[in-house]
Amino acid sequence: MTQTTEKGSANDNVEALDYSKTLYLPQTNFPMRAGLPKKEPELVARWQEMGLYRRLREDAAGREKFVLHDGPPYANGNIHIGHALNKILKDVITRSFQMRGYDSNYVPGWDCHGLPIEWKIEEQYRAKGRDKDEVPVNEFRKECRDFAAHWIKVQTAEFKRLGIEGDFDKPYTTMNYHAEARIAGELLKFARSGQLYRGSKPVMWSVVERTALAEAEVEYQDYESDTVWVKFPVTMTIQSDPEKLDLHGAFVVIWTTTPWTIPGNRAISFSKKISYGLYEVTTAENDFGPRPGEKLIFADELAEESFAKAKLEFTRIRDIGAGELASLECAHPLKGFGGGYKFAVPLIDGEHVTDDAGSGFVHTAPGHGREDFDAWMDNARALEARGISAAIPFTIDDAGYFTKDAPGFGPDREGGAARVIDDKGKKGDANKAVIEALIGRDMLFARGRLKHTYPHSWRSKKPVIFRNTPQWFVHMDMDLGDGTTLRDRALKAIDETRFVPASGQTRLRGMIADRPDWVLSRQRAWGVPICVFADDDGNVLQDEGVNKRILEAFEQEGADAWFADDAKERFLGNEHDPSKWHQVMDILDVWFDSGSTHAFTLEDRPDLKWPADVYLEGSDQHRGWFHSSLLESCGTRGRAPYDTVITHGFTMAEDGRKMSKSLGNQVFPQDVMNQSGADILRLWVMTTDYWEDQRLGKSVIQTNIDAYRKMRNTVRWMLGTLAHDEGESVEYEDMPELERLVLHRLWELDKLVDKGYDAFDFKRITRALLDFMVLELSAFYFDVRKDALYCDPPSSQRRRAALQVVHHLFNRLVTWLAPMLPFTMEEAWLSRYPDAESVHLEQFRKCPDQWRDDALADKWAKVRKVRRVITGALEIERRDKRIGSSLEAAPVVHVTDKGLMDAIDGLDMAEIAITSDIVVSSDAPPADAFTLDEVTGVAVVPAMAEGTKCARSWRVTRDVGSDPEFPDVSARDARALHELRDLGRL
RNA sequence: GGGCUGGUAGCUCAGGUGGUUAGAGCGCACGACUGAUAAUCGUGAGGUCGGAGGUUCGAGUCCUCCUCGGCCCA
């Protein structure tokens, strides 16, 4: 329908030719405004339909593999900015290696087991009034599984929307049956090699619910506790100084709010930062308790209030130093009670001791508190060397009763075992029994009550206790049969791993060097079980036949098989007596799950490889995934499952502080994608220093939107220009210097881009490319070449050379940026090559070494110096309203510097400075000529161009009208018009 | 409190082994163009290099302390 109109108008207006229609002006359907929120989902759909992931694999078949192994996010909610940052970085690395000649396969994964999902299901139960304990374990597990599966689906869609490419149809998950079987298999390897052992540890325990609780499952409520000051008789000082013999018969006094833990006491903690003294009672108000003459040791800060509490007067005898304290041993205050407590109670230095309250000494019952346990374990080796057993007693059973490990209070007590807490959560008779025993032996200094906050179960709201419980551990320091320990191996593996940034190595090394044995046990339901059988002493059943049955069952039915009613008999078979073996019902630490992903993903998938080239996660994962994967792999395979570890920092709000719901400064990736586009978010990741914490907020996003627009417009102009590219090639030797200069720069950038991707330093690449586009292309090369590209005749070699360079520029810039901005670069690529499948199936194009020309670059650096003086002079003219367009000028350039003169010799400086003419002179310039301080030897005298303005090119020349057929255009433009007419294009 | 780590223009980043008036892009202001046009080109104004000491002829760069922030522990 437009054709008839055009024909008509062309015939009518031969005289007043609209020259703009005779120019090679940019033409493109690539819009200036991206409309990414609408366009990106269309491209996601396109990639989905064409099976881009599969096509990438086909294309790369046989190439060297590059594997970035995915650290699994947890499947329990929508993605947040941290996920986006993490996946974008992984995607750019994966894509860049694919486009640089590797088979770079990314298999996303999910972490599915664990506490947070259990909570969600429990929460749903509470809402429905159901009781978790009445639901069969495997029914509960099924609901956890469904919950995780749901979020995997949601996150998959969100990741794809971000432009992440990977095997989303076949991801790995820690809960699929094969994974569960392999995780169990890895655990059995630790069991087989003797690295797995049963130890114990205090855990928070709810007597009411008969279950262990995690820190997040308790809440702190007000509670009234019985408090006691207890005297521990000093029995021995290791020092032989006779002046210190006055300690014999003295007492160390401790204070506690849990008298029932006294039977579990094994040590007294003091602090070397506190000053202590020896005190003597002078008068006693009460007729019970300490007598005058009795000697007691207290922290000086707390002595007075303690004596006041017991209604005593006292004098201070002397200082007691830390070294002296460390040498002391006491008897247990209940020594001999029920026939027990005959062990020595040492004094140990503890970081947790303060002189804010109590006596300055902390009663240490390693089975009843985290700090007590840590202090005890820190000293375990030294104590064993002194002949003191480091074993931790199990003084309380799961119902809150004292056991045989608490002589005189357990089943041996008259009337049966005393109890700490009863089934209703009320205080039992344990405190009373202990206090009476202490009074009976005159070991009570004072007693009282204290209102304070105390942990209660989240569910039942009843108080909880710390209780020693059997747990399964992995040895860090056991000889593994080759003279090395797990710790040795892990430290060696860290030395052999590349860390990006390097500080990660120090950080991980420090953690491995210091860490205690690995506790694998969790008293939970949703996870892979510690699928071993143990006897009463904690020895693990070693029978490959049993193990085989377990693993086969898991492979077929998942780890649920362990929790089926007949599991014990089924797995033990006929060879073992079920009454002699306990089926361990603990769940594996989920870090063991994710620490095993390398086994069931990298090793088991033929399209991957072991070890991985790269693991990439947030820097918090030094304690998490990097750590557990390292231990798991070193324990079973003797080396790390990765060659390189990359870490990123965290995303802060604009003011550098943490994002938080309450401050309302959160940025959601979904919002950025819907308002600006995923490519904007990706560009942010690419321009930021991701090894450190990054900032994200309104102005940061705007900065990236602006940068994006600049790049997009540059690409758009290239596309428009290339609309006229007919593919005629020009030999390198035949190209003008300006074109060769640009090719040289492209060659340099090629090296820089390659190095940048190798170093995972993306900001270096985006910075270089953006600067190149702005400073060298848009402001210089394109600006200069517009005249030739728009106006030159079809046959012009200059025009063809420029077109070819723009073609090279386009192909390289677009592919180099494709890993970073996959949506925009795909759009650009398909605009130029409508029949192409995808830019993501392209390889980076190499730049031939022929393009390198350092001498030319040096020369043109000088040319641009001269040009700067010329444009500076024109700016004065423009400011003073003598010219508007630079094409109105034809200045005289005085060049008295030989080097600069040699550089511009033979070049058309008018073309380069975009003026209509230029006169270059070596004469000394007049005094008032324009100069720049930073460029010596160049001075410019402005002048108006002489001649007539060409109606087509707008240059002012003297040859306008030389062709009578086209009287209003210059000779060059007349030639162009002739050629166009001959080609039938006019 | 401990381990690791950071604080350079409004924003994002450069600033080997200490050496002239601390750089870039964007943004901003002003101007030009009107054939990259909600684009393009040019010019310009923005920094006590978190703070204070110290070493040195000379420190954004080295040392000490302080301060604000981050991750992981306690």
Side-chain angles (χ1 to χ4, degrees), chain A residues 18-28 30 32-33 273 351-352 354 370-371 374 501-511 513-515 618-624 627 647-659 683-684 686-689 691-721 761 763-764 766-775 777-780 782-784 786-787 789-791 868 871-872 874-881 883-888 914 933 952-954:
Chain A
D18 176 1
Y19 286 118
S20 72
K21 293 198 171 125
T22 73
L23 297 168
Y24 291 108
L25 292 177
Q27 271 174 16
T28 177
F30 184 81
M32 186 178 306
R33 283 183 61 86
K273 291 173 191 149
E351 300 263 323
H352 60 297
T354 64
R370 183 66 198 277
E371 289 173 331
D374 290 341
S503 57
Q505 193 163 40
T506 325
R507 189 165 174 182
L508 187 55
R509 190 188 289 125
M511 285 176 182
D514 289 345
R515 67 155 298 144
S619 60
D620 59 330
Q621 295 303 318
H622 288 109
R623 178 62 68 186
H627 193 114
T647 51
H648 61 251
F650 281 71
T651 304
M652 300 297 127
E654 212 146 34
D655 61 358
R657 292 167 172 278
K658 226 199 259 252
M659 286 188 188
L683 187 58
W684 162 68
M686 292 300 100
T687 52
T688 201
D689 181 3
W691 340 113
E692 296 300 332
D693 293 344
Q694 330 81 41
R695 297 180 180 208
L696 182 59
K698 239 181 146 185
S699 68
V700 180
I701 290 170
Q702 190 56 47
T703 297
N704 284 289
I705 289 175
D706 292 333
Y708 175 86
R709 283 196 184 139
K710 184 70 201 185
M711 287 198 266
R712 186 176 177 92
N713 274 323
T714 306
V715 168
R716 178 168 184 264
W717 184 85
M718 288 193 278
L719 279 167
T721 298
D761 188 354
K763 65 183 186 319
R764 196 165 135 208
T766 46
R767 164 62 43 198
L769 295 186
L770 185 62
D771 282 354
F772 176 67
M773 287 179 171
V774 171
L775 297 169
L777 295 184
S778 192
F780 180 61
F782 292 168
D783 212 26
V784 168
K786 276 179 200 170
D787 175 69
L789 283 165
Y790 294 177
C791 307
R868 260 199 302 280
T871 51
L874 295 183
E875 193 54 30
I876 306 289
E877 298 306 290
R878 193 172 280 134
R879 192 191 65 198
D880 294 345
K881 304 292 176 197
I883 64 166
S885 163
S886 60
L887 287 175
E888 293 167 35
I914 319 181
D933 291 344
R952 183 165 178 272
S953 68
W954 298 345

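Throughout, a chain's letter reflects where its sequence line sits, starting with A, and its residues are numbered from 1.
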* **Candidates B/G6, B/G35, B/G27 - which lies nearest the side chain of A/Y790** => B/G35
* Indicate yes or no: at least one non-hydrogen side-chain atom of A/I883 is less than 4.5 angstrom from one of A/L874. => yes
* Asked: C1' atom, B/C66 versus B/G23: distance in rounded Å?
  -> 30 Å
* salt bridge (Lys or Arg N to Asp or Glu O under 4.0 Å) partners for A/D783, two or more places apart -> A/K786
* To do: Please determine, for the side chain of A/D693, which listed nucleotide (B/G69, B/C26, B/A24) has the closest atom?
  => B/G69
* To do: May I ask you to say what A/N713 touches in the nucleic acid, namely base, sugar-phosphate or nothing, with a heavy-atom cut-off under 4.0 Å?
  => base
* **Residue A/E875, side-chain atoms from C-beta onward, closest of B/U43, B/G25, B/A36** => B/U43
* To do: Considering only atom C1', compute the distance from B/G15 to B/C68 and round it to an integer number of Å.
  => 24 Å
* Candidates B/U40, B/C4, B/U43 - which lies nearest the side chain of A/S503 -> B/C4
* To do: Flag the pair A/M773 / A/K710 as yes when at least one side-chain heavy-atom distance between them is below 4.5 Å, and no otherwise.
  => no
* A/S20 side chain, from C-beta outward: closest of B/C13, B/C72, B/G35 -> B/G35
* Candidate nucleotides B/G69, B/C4, B/G25, ranked by approach to the side chain of A/R507 - the nearest -> B/C4
* To do: Counting heavy atoms from C-beta on, name the nucleotide in B/U5, B/G35, B/A24 closest to the side chain of A/C791.
  => B/G35
* Mapping A/L25 and A/G884 onto RNA chain B by nearest heavy atom, which one lands closer to the 5' end? -> A/G884
* To do: Check whether NZ of the Lys or CZ of the Arg A/R712 lies under 6.0 Å from the centre of the six-membered ring of A/F30 and within 45 degrees of that ring's axis.
  => yes
* Asked: Among the nucleotides B/C41, B/C68, B/G25, which one has an atom lying closest to any side-chain atom of A/K710?
  -> B/C41
* To do: Just call it for A/K786: base, sugar-phosphate, or nothing, with non-hydrogen atoms closer than 4.0 Å on any strand.
  => base
* To do: With the side chain counted from C-beta on, respond yes when A/F780 and A/L775 share a heavy-atom pair under 4.5 Å apart, and no when they do not.
  => no
* To do: Would you write the dot-bracket representation of RNA chain B, where each base gets (, ), [, ], | or . depending on whether it forms a Watson-Crick or G-U pair under 3.5 Å and with which partner?
  => (((((((..((((.....[...)))).(((((.......))))).....(((((..]....)))))))))))).
* Structure fact -> Per the O4'-C1'-N9-C4 / O4'-C1'-N1-C2 angle with a 90° window around 0, B/G35 comes out anti
* To do: Tell me which nucleotide among B/A36, B/G70, B/C4 gets nearest to the side chain of A/P26.
  => B/A36
* Asked: Is the aromatic ring centre of A/W954 closer than 5.5 Å to the centre of the six-membered base ring of B/G35, with the two planes inclined by less than 30°?
  -> yes
* Relative to the 5' end of RNA chain B, which residue comes earlier, A/T714 or A/D620, by the nucleotide with the nearest heavy atom? -> A/T714
* Nearest-Å distance, CG (A/D514) to C1' (B/G3)? -> 8 Å
* Asked: If the P atom of B/C41 is compared with that of B/G50, how far apart are they to the nearest Å?
  -> 33 Å
* Roughly, in whole Å, what's the span from CZ in A/R879 to P in B/G42? -> 18 Å
* Taking only residues two or more places apart in sequence, or in another chain, which ones meet A/R623 in a salt bridge (Lys or Arg N to Asp or Glu O under 4.0 Å)? -> none
* Asked: With a 4.0 Å cut-off, would you call A/D761 and A/K763 a salt bridge?
  -> yes
* To do: Determine the contact category for A/A779: base if any of its heavy atoms lies under 4.0 Å from a base atom, sugar-phosphate if only primed atoms, P, OP1 or OP2 are that close, otherwise nothing.
  => sugar-phosphate
* Structure fact -> Per atom distances to the A/F650 side chain, the nearest of B/U37, B/G70, B/G42 is B/G70
